[in-house]
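Notes to accompany the following structure.
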Amino acid sequence: MTDILEYLNNEQQQAVIHTEGPVMVVAGAGSGKTRVLTFRIAYLLQKGIDPFNILSLTFTNKAAREMKARITSLVGSEAKSVWMGTFHSVFARILRADGHLLGYPSNFTIYDTDDSKSLIRSIIKELQLDKKTYPVNSILGRISASKNNLIDSVQYNNDPEIIDADKAAGRPFIGKIFSIYDKRLFQSKAMDFDDLLFKTNILLRDFPEVLYKYQNKFRYILVDEYQDTNHAQYLIVKKLAANDENICVVGDDAQSIYGFRGANIENILNFKKDYQDIKVFKLEQNYRSTKNIVNAANGVIAKNKDQIQKEVWTANEKGQKIPLIKASSDTEEGALVAHSIFETKMNNQVSNKDFAILYRTNAQSRALEEALRKRNISYKIYGGLSFYQRKEIKDLLGYFRLVINPNDEEALFRVINYPARGIGKTSQQKIIIQAQRFEVSSWEVIYNPNAYGLDVSGAVKKRLYEFVTMIESFSAQLKRKNAYELAKHIAKTSGILKQLNDDKTPEGISRFENVEELLNAINEFSEREVEGQENSIRPLDEFMQDVALLTDQDNEDKNSSDKVSLMTVHAAKGLEFPYLYIVGLEENLFPNMQALNTRSELEEERRLFYVALTRAEKMATLSYAESRYKWGNLLFSEPSRFLEEIEQEYLSQPFKPGVGKHLNKPLKESRESTKDHSKYKKIPSTPTNQQQKKEEASSNEGTFHSSSMDELQVGSRVEHKRFGVGEILSLEGQGPNKKATVHFSSVGQKNLLLKFARLKVIKE
DNA sequence: GGACGTTCTGTTTTT
DNA sequence: CAGAACGTCC
């Protein structure tokens, strides 16, 4: 047995060997946080603690896997029995085991955000509410915030304060939507992301025997990224740890960047109040970055009010000053960044994988991709539309979901008429209506249409019968066939493969390939043997269990080839790169406009920038563009205030703020009182805002008219949002893809594809 | 019922 | 600009 402690510095050792009682490790960026967690678990195991008694909650499943591998290499294979994973995946597992107490079967479906939104959309429609007054996103946000604070729909509707707030915002029916939403989830035997935490809380609250069971099992609990836990997660941890109080939380308040998801920075700030005899260890030495980067980053958050006092320092070399790239447009920004990567590669003899480009929003990746492609630099995008969210993938997964849990309503209506089999919208509506009338799932209705008085033609009934029979035949094979065989059988029999194969457009081919890739992944899963159960079949439901919880980060890098990484700052958490580019440093983009309402929101944006900077080892380059295309509009921007907030001495060239001033909105103090913070987390944007915009636009009526295709003719005077007034010189082509050459007085001639061009005919 | 065309509408970060 | 929603026609 090796003495694993010799790998650690003094501070880290202390945090590792203090195994009993509550421990908080406040770990600055790059200070070896993961190392401490890993070694702490290894140390526990070496001490003879049963791996079965350890629970480790990490931020991504990938982090858990890597930690496990590391621990295995330190102390051997017993590490494999430690429970490790994200909050969501660990508690999904618990709910699959004990959720029956709450009325859920173990094969319940996990609805992802798309499923939730789609359900809410249909509820709003059924209630005949105006979707502009009830925007799906904010409704879901409201429900989510509520669940994260352990307020269910009944409490929501009984809380006069909440109801009054909704009424005041002109949306009295949110509570009703919430109730129906939850009822429908339950009928579908499904849980949304927030339910995984919410229901776990209920389970532990209402069933003491379950609580005891897990308290007894998890004698040692470790939580990573504690600064990003929300109230529901906080409570679960607190309950589980209540007996032994062998809890170790690791985090960095300066890296709390998930406030929008209900993360409550108070959790870490107040940890001391929750436990007595708590030991606090601070890891302040940064091993990752140069002095310049560490100091610049420290300066950015120094202005924040909410923080735990600590001083991150480094013994590393000073390093070079931070270069600043100023571009005129997003295209140029991409080109300059690509150029800089090219040069740096040459000058330092390093490879693509040593580089990363971080941005605030996913949409920014496009210009960068193009620039990199032009220079033949290969890259990989993390996040964005994840593989599992693509339409063709969700369609096939829809079949799998339905086979496993026929009550899954979202899956049912996704696939009931795809590929087309003559069960159209009207019939689907009728099914839903009957299902709701009898308060059963839609599957029940189509399974037994006569019993529920489903009023559709005989032909449709026949098609429904065929559909039900097909799904049932799949279900019957669930335990008999391995995941791959069944998946392939379903893909063929359902007609999905054929449908996709018939589409020979480039997009169609790529969709087909995606489906093949999914099938390959399932094949790999089927063939991977699980220790202790060799020769046993690995069925499809096992594969599907936490597909909804997989993130792009979790996809193993099969070709861990030499590529530049592109991702959002959020996705970069926990990662590090020798050469880093942070792009789009423009006021309103980063810091983000939507996030600039309260002081604490600005502070979170600063922490986000801090996280970004501290990912860099040798060099961090910043860039901004003076203008940028967004939704087809050219927008001009001010350099980000963050550039001014970095001390001059850390930048390689002087930065002077532009002539214009930031449109500094006065920042409101957020409700930080204590208890009810996120109950009213975001006051949703008032409908009046949007109505006003509409009215402004329509005040032009009389002069312009929204034009249909054939109003556009050679010689027509037209107006374009961006280019102004012009005249159509020529038209070419038929149908939707007409091309027009238009002369605009402001910019000269432009060729426009009419399908996308917004031209308004000016009527005399 | 379904295909195909037109119009409208997002507009942050993610488990 | 892209995708969803809506409208029209067979």
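Protein chains get the first letters and strands the later ones, always in sequence-line order, with residue 1 at the start of each.
Evaluation of the side-chain hydrogen bond (donor to acceptor under 3.5 Å, both in side chains) rule for A/K125 yields no partner, not counting sequence neighbours. A/N417 pairs by the side-chain hydrogen bond (donor to acceptor under 3.5 Å, both in side chains) definition with nothing, not counting sequence neighbours. In terms of the ring-ring contact (aromatic ring centres under 6.0 Å, His included) criterion, A/Y134 has no residue partners (sequence neighbours excluded). In this view, A/S623 and A/E333 satisfy the side-chain hydrogen bond (donor to acceptor under 3.5 Å, both in side chains) rule, not counting sequence neighbours. Applying the side chain to side chain contact (heavy atoms under 4.5 Å, CB included) test to A/T568 and every residue at least two apart in sequence or in another chain returns A/Y359, A/N362, A/H570, A/A571. For A/S144, the side-chain hydrogen bond (donor to acceptor under 3.5 Å, both in side chains) criterion is met by A/D194, not counting sequence neighbours.
Each of B/dT15, B/dT13, B/dG1 was ranked by its minimum atom distance to the side chain of A/F193; first place goes to B/dT15. Residue A/T86 has its side chain nearest to B/dT15 when only B/dT13, C/dC1, B/dT15 are considered. Checked against B/dT12, B/dT14, C/dA2, the side chain of A/R366 finds its nearest nucleotide in C/dA2.
With rounding to whole Å, A/E605 atom CD is found 12 Å from B/dT12 atom P. In this structure, CZ of A/F609 is placed 19 Å from P of B/dT13, rounded to the nearest angstrom. Look at OH on A/Y258: it is 8 Å from C1' on B/dT15, rounded to the nearest Å. Atom CD1 in A/I257 sits about 9 Å away from atom P in B/dT14, given to the nearest Å. A/D224 has its CG atom 15 Å from the C1' atom of B/dT15, to the nearest Å. When rounded to the nearest whole Å, the span between CG of A/N592 and C1' of B/dT12 equals 5 Å. Distance A/L464 CG to B/dG1 P: 11 Å, rounded to the nearest Å. One can place CD of A/E604 at 13 Å from P of B/dT14, the figure rounded to the nearest angstrom.
Within the structure, every pair that satisfies the side-chain hydrogen bond (donor to acceptor under 3.5 Å, both in side chains) test and touches residues 418-434 of chain A, not counting sequence neighbours, is listed here: A/Y399-A/R421, A/Q434-A/R437.
Between A/N137 and B/dT12 there is no side-chain polar atom (N or O) within less than 4.0 angstrom of OP1 or OP2. The shortest distance between the side-chain N/O atoms of A/T60 and the OP1/OP2 oxygens of B/dT15 is not below 4.0 Å.
Comparing A/T568 and A/T426 by the nucleotide of DNA chain B that holds the closest heavy atom to each, the one mapping nearer the 5' end is A/T426. Residues A/H88 and A/K430 each lie close to DNA chain B; by heavy-atom proximity, the contact nearer the 5' end of the strand is made by A/K430.
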Please tabulate the protein-to-nucleotide N/O contacts below 3.5 Å involving nucleotides 4-6 of chain C, giving atom names and distances.
unit_1: C/dA5; atom_1: O3'; unit_2: A/K131; atom_2: NZ; d: 3.4

Short heteroatom pairs, N/O only, protein and nucleotides 2-4 of chain B, under 3.5 Å:
unit_1: B/dG2; atom_1: OP1; unit_2: A/G422; atom_2: N; d: 2.8
unit_1: B/dG2; atom_1: OP2; unit_2: A/N417; atom_2: ND2; d: 3.0
unit_1: B/dG2; atom_1: OP2; unit_2: A/G424; atom_2: N; d: 3.3

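Taking the ring centroids of A/F260 and A/Y258, they lie under the 6.0 Å cut-off.
For the residue pair A/Y388 and A/D112, no side-chain donor N or O sits within less than 3.5 Å of a side-chain acceptor on the partner.
Looking at heavy-atom distances under 4.0 Å, A/S427 makes contact with sugar-phosphate atoms alone, never a base.
Counting heavy atoms from C-beta on, the side chains of A/I265 and A/E603 never come closer than 4.5 Å.
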